[in-house]
Amino acid sequence: MDGAITDKSADEMILLERENKRLKREVNRLRTLIARSDATTHANFDLNAELQAEQVRQGKYLDLMLKNCPNIILMIDAEGKFVYCTNSFLVLCSSRFQIPEVEHASMESRSLSPISATVYFEKLSCYRFDEFFCDVEYSMLVDTLRESVLQRCSKNVSLYTNWGQETPKRNYVLHITPMFTNTSEEKNAAKSGILDKQTYPNIPEAEHVTATPYSGRSTAKSTADTGFAVYKIDGAIIICHDVTELLAAKEQAELANRVKSSFLANMSHEIRTPMNAIIGMAELTLREKISDTAYEMVKNIRQAGNNLLSIINDILDFSKIESGKLEIVEDEYQLHSLIYDVIGIIRTRLSEGVVDFFVDIDSTVPNYMIGDEVRLRQILLNILSNAIKYTRVGFATLTVRGEIADQAVLITFDVTDTGIGIQPENMERLFNNFTQFDKVENRWIIGTGLGLSIARNLARLMGGDITVQSEYGVGSTFTVTLKQRFTRYEPFAKIDDLANTDSLIFEPRIMPASFCRATFESLKVKFKLVSDKQGFDHELRRGGYSYVFVAESVLELVVNSIETICPNDSPKVVVMTNSSNFIGYKKYSYIQLPFYSALLAGIFNKISGEISYRENAMITMFTAPKARILIVDDIITNLKVAQGLLIPYKVKVDICESGFDAINLVQNNCYDIVFMDHMMPVMDGLETTAKIRELRGGEKIPIIALTANAVSGVREMFLSNGMDDFLSKPIDPLKLESMLFKWIPDSKRVIMDPDSVGEGLQSGIESKYDPQNDSAILDRDEVHGLDIQSGLNRIGGNVEIYIEILKIYVESTPEILDKLRVPTKENLKDYAIAIHGVKGSSLNIGADKIGKFAAELEAEAKAGDLEKVLSKNRNFITLTERLISEMTNYIKNNT
C-alpha cells in the first residue's frame, strides 16, 4: 500500500517539474515579447519623431518655396471660393481684401503654407474667383475648369487682368489642375461641384466624375458593379504665370524682324537696280565688236558685278533662312541644263591655267527631275566656288552619281579639290555662319563666310545634306546628297547609235586622261587611250577609228601624222581644248574642257558645237520673229538692257515707262508676254496688272514681274496679284531664255538648227559704236553735274544709246518734277515713288550729285519726315532743272 502511494507521489512530482519548466519557458517567452514590445514602442516613438521632424523640414521648404515662388498660386474649393493663395497674390489684391497694414505686414513675414492659410480662410472664402475677372474671361475660365474636371487633367488658358489694381492689365497664362478625392468606398457619396447651381444657374453642375482608376489594382467595393472608380471634386489649383514681359519681348522681336525684312526689301531693290545696269550693259557690250583690250576690261567689270551680286544674294538668303521664310519651290527641270550653267559660271572663275577643272557625270542619271533647280544650282555654285577659291595649284572635280528606286533618284554630287584643306579642330565650325579659317593666310580670298552655311541649310530644306572629308594641306571632298523625284525617265546622256563611234584618244596628262576614260566608259564607247606620240601614230596607222580626240597641248606634235596617215579627213578629228574660242585648225572640230558625258554624246549624235564664239556671245536655241513682247519700266536704262538682251531672239519689242502707257498698248496690240516692273510712279506694277486683267482678253496675257526686290515672299505676292511669273533683276540671260521658252507659244518659236547655232548673231546685234570716235563726245563742252564718262561706262560706251537716254531724261524728268513741287503729309508716299525714278535715271546717266540728292529725299520721304523734305525739295528741283537746261544745249550741239 505504501509502495503504491510512493509511486503516485513520484509521478506527481514529475508532472509538477514538467509544469514548472513549461511555466519558466512561458515566463521567458513573455519576457521576450515584453522586451520586443518595448523595443517596438521605442522604435515607433523614434520613427514618429523622425516623421515629425521630416514633416517640419518639408513644411519649412514648402513654406520657403511658396513664399519665394515668382508665380501666383490660387486654390478654390468645390463652390468656387478662394481658400488659399500665395502672398504675391495678396500683395497684388490687398485693396480688394481690405487687409490692414499691420496684418498685411505680418502676412508678408509669414509663409502661406496650406496650414497657415487657414488663418485667412474667412477673408478669402467670401470671394469667388469670377469676381476677379470680366464676363468674357470668366466664361473662358469656366469652360477650361469644366474640361479639366471632366478629363481629369491640367488645362492652360490665357488671361488679361489687373487683379483689381489701378494699373494697366497684365498678361497671364493660367495652369488649372482639378483636385479629387477617391469616394469609391463611400456608399452614399454626396454630390459636389466646382461651381454650385444656385450661385451660377447658367453653369451645369459638375457632378462626381466616374473614370478608370489611376492604378490598375482592383477596388472590389467600388468596381464590383461598374468596374470604375468614383472621384469627388474638391476644387482646383490655379497657377498664374506672368508673361507680360515675355510677350512684350516677342512683340519687339517681331517688330525688329519686320523692320529688318523691310530694310532688306528696300536694299535688295536699291542695290539690284544699278547692278542690273552694270551687269546687263557689260553683257551687251561683250557681244559687240570691240577690241580685245576693251573686251577683257568689260569682262572684268561683269565679273566684279557678279561677285558683288553673289555677296548680296548670300546676305539675303542668310536672312531668309534665319527668319524661316526661305521657301523651296519644286518643278521639273533638266539636269543637263543645270550642269551646263554651273560649269559655264565656274569656268569663268578659274585662275588662268593654274587650277584644272574636271567633270564626271554618270550617263544613266535621269535628265528630267523634280526639285528646286534654282536652289540646287546655288548649292553647287557655292561648293564649287569654295573649292576654286581655296585651291591655288592643282585641280577641282565634280562627280555626279545616282541610285534610282521607285520613281526617285538619290543623287550625289562630290566636289573634290587639292586646296589647303581643313584642320581637324575646325571641322565642327565649318558650316557656321560668317566662318572663315586662316584669315591671315587667306586674306586674298573674298567672301562673306556664308556660302557653306547657306548651302547646307538649303540641302537640308530640300531633304538632303552636305558632308565633308578633308586632310589639311592635301585637299577636301564635299558631298551633296539629295533625293529627287522624276515622272519620266530619260538618261542624262545617250548615244543614238554606237556604230562608228570607235575612238582614239591622245592625252598625255594623267588627270585629264583619267576623266576621259571615265566619260567614254560611261557612254559604252569603244576607245583606245594613248599617252605618247609613238603609240598614237601606231594606232592611227592600224586604223579602224571613226573619231580621233587630241589634247590641244599635243596637237602640233601630231598634225603631220594626221595629215599624212589620214589624208581624206577620216577619221574625224576633235580637239580637246580649254579655250572657248579655238581657232587653231578650222577644219577640226573641238570640245571644250571640262567635257562630260552629255557633251561627248553630242559629238557622236552630230549636235556638238563646232561653232567658235566668244564666252559671252549669246547662243540661243530658238528665235521667235513672230512674237511680240512689251517691257514696262520707269527707268530707261533697264528698258535698254532688257531690249538688248532680247535682240538674239528676233522678237518684236515695245517699251513704255508707265502703267497707263502699258494699258493703252495692251488695248491696241496683241502681246505674247508683258514684262512688268514693280515699283513705278503713279501706278505701280500690281495696279497696272489688275487693270490689264480687266481688259477684254487681258486675262490671257502672260505678265511676268520684273523687279529688283528679291526678298522672301515677293514671288508669292506677285502671283497672288494676277501675275504669271517672276524674273528678278539683274536679269540673268539664261533665266530670260527659259522664261521666253516657257511663255512664247510653240507655234511662234523657231528651234535653231544645231549646225547653225550662233550664225548671224553679230548681225543681229550690230554695234554703231566706233571706239576710235569715242573721244569725240568727251572732247565737247562738259555739262556741270554730269559725269559723261561715268554715264557712258554704265551703258557699255555706246555713244548713240547714251545720247538717246539723255534725250529721254530731258523730256520725261520735268513732268516728274512737277509732281514733286508741293510735298505734303498726304502725298509723301507718291513723292517717294516719283523721286525714286529720278534717282535711278540720274545715276544711270552719270548725274551722280542729283542722284544722291534724290536718294536722300527718298529716304526721308519714306521715313515720313516732311520737315526735312520741305527744307531740301526746292533746292533739289532748282539743281535738276539747271541740269536739264544744260543737257538740252549739250544734246543740240552733239546731234
Side-chain angles (χ1 to χ4, degrees), residues 332-348 356-371 373 376-377 380-381 384 396-404 409 411-415 480 482 484 486 488-498 500-501 503 505 507 512 514-527 546-547 549 572 574-578 580 582 589-611 613 615 619-622 734 737-738 741 751-755 757-758:
E332 186 176 71
Y333 67 92
Q334 288 190 56
L335 181 62
H336 185 193
S337 175
L338 184 149
I339 294 294
Y340 182 83
D341 295 349
V342 168
I343 291 176
I345 294 172
I346 293 300
R347 188 187 286 124
T348 65
D356 291 323
F357 182 35
F358 304 107
V359 179
D360 177 17
I361 303 176
D362 183 359
S363 61
T364 62
V365 172
N367 188 35
Y368 290 92
M369 293 189 288
I370 298 174
E373 178 185 9
L376 179 54
R377 181 187 289 108
L380 294 179
L381 285 175
L384 282 166
T397 68
L398 170 64
T399 304
V400 184
R401 296 288 182 265
E403 296 180 9
I404 300 174
V409 56
I411 191 167
T412 302
F413 301 89
D414 286 323
V415 176
V480 182
L482 294 171
Q484 303 279 268
F486 63 89
R488 51 177 171 148
Y489 176 75
E490 179 181 304
F492 179 78
K494 181 183 178 182
I495 298 176
D496 297 334
D497 185 4
L498 282 172
N500 300 318
T501 61
S503 302
I505 307 170
E507 175 57 80
S514 173
F515 278 84
C516 279
R517 179 185 300 277
T519 302
F520 276 82
E521 288 177 348
S522 176
L523 291 170
K524 296 181 172 54
V525 175
K526 293 181 180 180
F527 67 95
S546 300
Y547 289 85
F549 291 83
K572 186 175 184 177
V574 180
V575 180
M576 300 179 292
T577 175
N578 287 313
S580 61
F582 176 73
S589 302
Y590 75 90
I591 185 169
Q592 187 178 4
L593 300 174
F595 70 83
Y596 47 94
S597 54
L599 294 183
L600 183 59
I603 289 282
F604 296 122
N605 293 332
K606 305 292 192 297
I607 59 173
S608 172
E610 297 180 14
I611 309 303
Y613 57 90
E615 175 188 333
I619 305 300
T620 59
M621 294 299 105
F622 68 92
L734 293 171
E737 177 170 275
S738 175
F741 190 87
I751 304 300
M752 300 288 284
D753 184 345
D755 292 333
V757 169

**Request:** Could you go through the side-chain contact (heavy atoms from CB on, under 4.5 Å) check for D362 and V400 one step at a time?
**Result:** CA-CA 6 Å; D362 183 359; V400 184; over 6 Å; no
**L498 to L523 - nearest heavy-atom pair and separation** = CD2-O, 3.7 Å
**Request:** Look at the aromatic rings of Y596 and F492 and report parallel, tilted or perpendicular, splitting at 30° and 60°.
**Result:** tilted
**Asked** What's the verdict on side-chain contact (heavy atoms from CB on, under 4.5 Å) for Y489 and T364, showing C-alpha distance, side-chain angles and the deciding distance?
**Response** CA-CA 10 Å; Y489 176 75; T364 62; 4.0 Å; yes
**Message:** What I'd like to find out is whether the side chain of I411 reaches to under 4.5 Å of the side chain of M369, using heavy atoms alone.
**Reply:** yes
**Item:** Contacts of type ring pair (Phe, Tyr, Trp, His ring centres under 6.0 Å), residue Y547, not counting sequence neighbours
**Value:** F604
**Request:** Kindly determine whether V525 and L600 satisfy side-chain contact (heavy atoms from CB on, under 4.5 Å), including the steps that lead there.
**Result:** CA-CA 10 Å; V525 175; L600 183 59; 5.5 Å; no
**Asked** Donor-acceptor pair, N605 side chain versus K494 backbone, under 3.5 Å?
**Response** yes
**Prompt:** Got a sec, which residues hit side chain to side chain donor-acceptor pair (under 3.5 Å) with S522, two or more places apart in sequence or on another chain?
**Reply:** S363
**Request:** Nearest 0.5 Å please: distance from the CD atom of Q484 over to the CD1 atom of I370.
**Result:** 9.0 Å
**Qualifying residues under side-chain contact (heavy atoms from CB on, under 4.5 Å), relative to S514, sequence neighbours excluded** = none
**Message:** Holding to side-chain contact (heavy atoms from CB on, under 4.5 Å), I want the full list of residues that pass it with S337, two or more places apart in sequence or in another chain.
**Reply:** Q334, D341, E373
**Asked** Can you tell me how far the CG atom of L338 sits from the CG atom of L376, to the nearest 0.5 Å?
**Response** 5.0 Å
**Shortest non-hydrogen contact from F413 toward I339** = CE2-CD1, 4.5 Å
**Heavy-atom check, side chain of M576 versus side chain of C516, under 4.5 Å** = yes
**Item:** Name of the residue among I361, L593, I591 meeting side chain to side chain contact (heavy atoms under 4.5 Å, CB included) with L599
**Value:** I591
**Prompt:** Within a strict 4.5 Å, meaning less than it, do heavy atoms of the D356 and P512 side chains meet?
**Reply:** no
**Asked** Partners of Y333 by ring pair (Phe, Tyr, Trp, His ring centres under 6.0 Å), sequence neighbours excluded?
**Response** none
**Message:** I need the I343 CD1 to F357 CZ distance, nearest 0.5 Å.
**Reply:** 5.5 Å
**Asked** Given side chains that start at C-beta, do those of F520 and T501 come closer than 4.5 Å, heavy atoms only?
**Response** no
**Item:** Sequence-distant partners of D414, salt bridge (charged side-chain N to carboxylate O under 4.0 Å, His left out), two or more places apart
**Value:** none
**Item:** Ring centers of F549, F527 separated by less than 6.0 Å
**Value:** no
**Message:** Can you tell me if R377 has over 12 outside heavy atoms packed within less than 6.0 Å of its CZ?
**Reply:** yes
**Counterpart residues, side chain to side chain donor-acceptor pair (under 3.5 Å), relative to R401 (two or more places apart)** = D360
**Partners passing ring pair (Phe, Tyr, Trp, His ring centres under 6.0 Å) against F515 (at least two apart in sequence or in another chain)** = F358
**Fill in**
For E490, the salt bridge (charged side-chain N to carboxylate O under 4.0 Å, His left out) test, sequence neighbours excluded, returns none
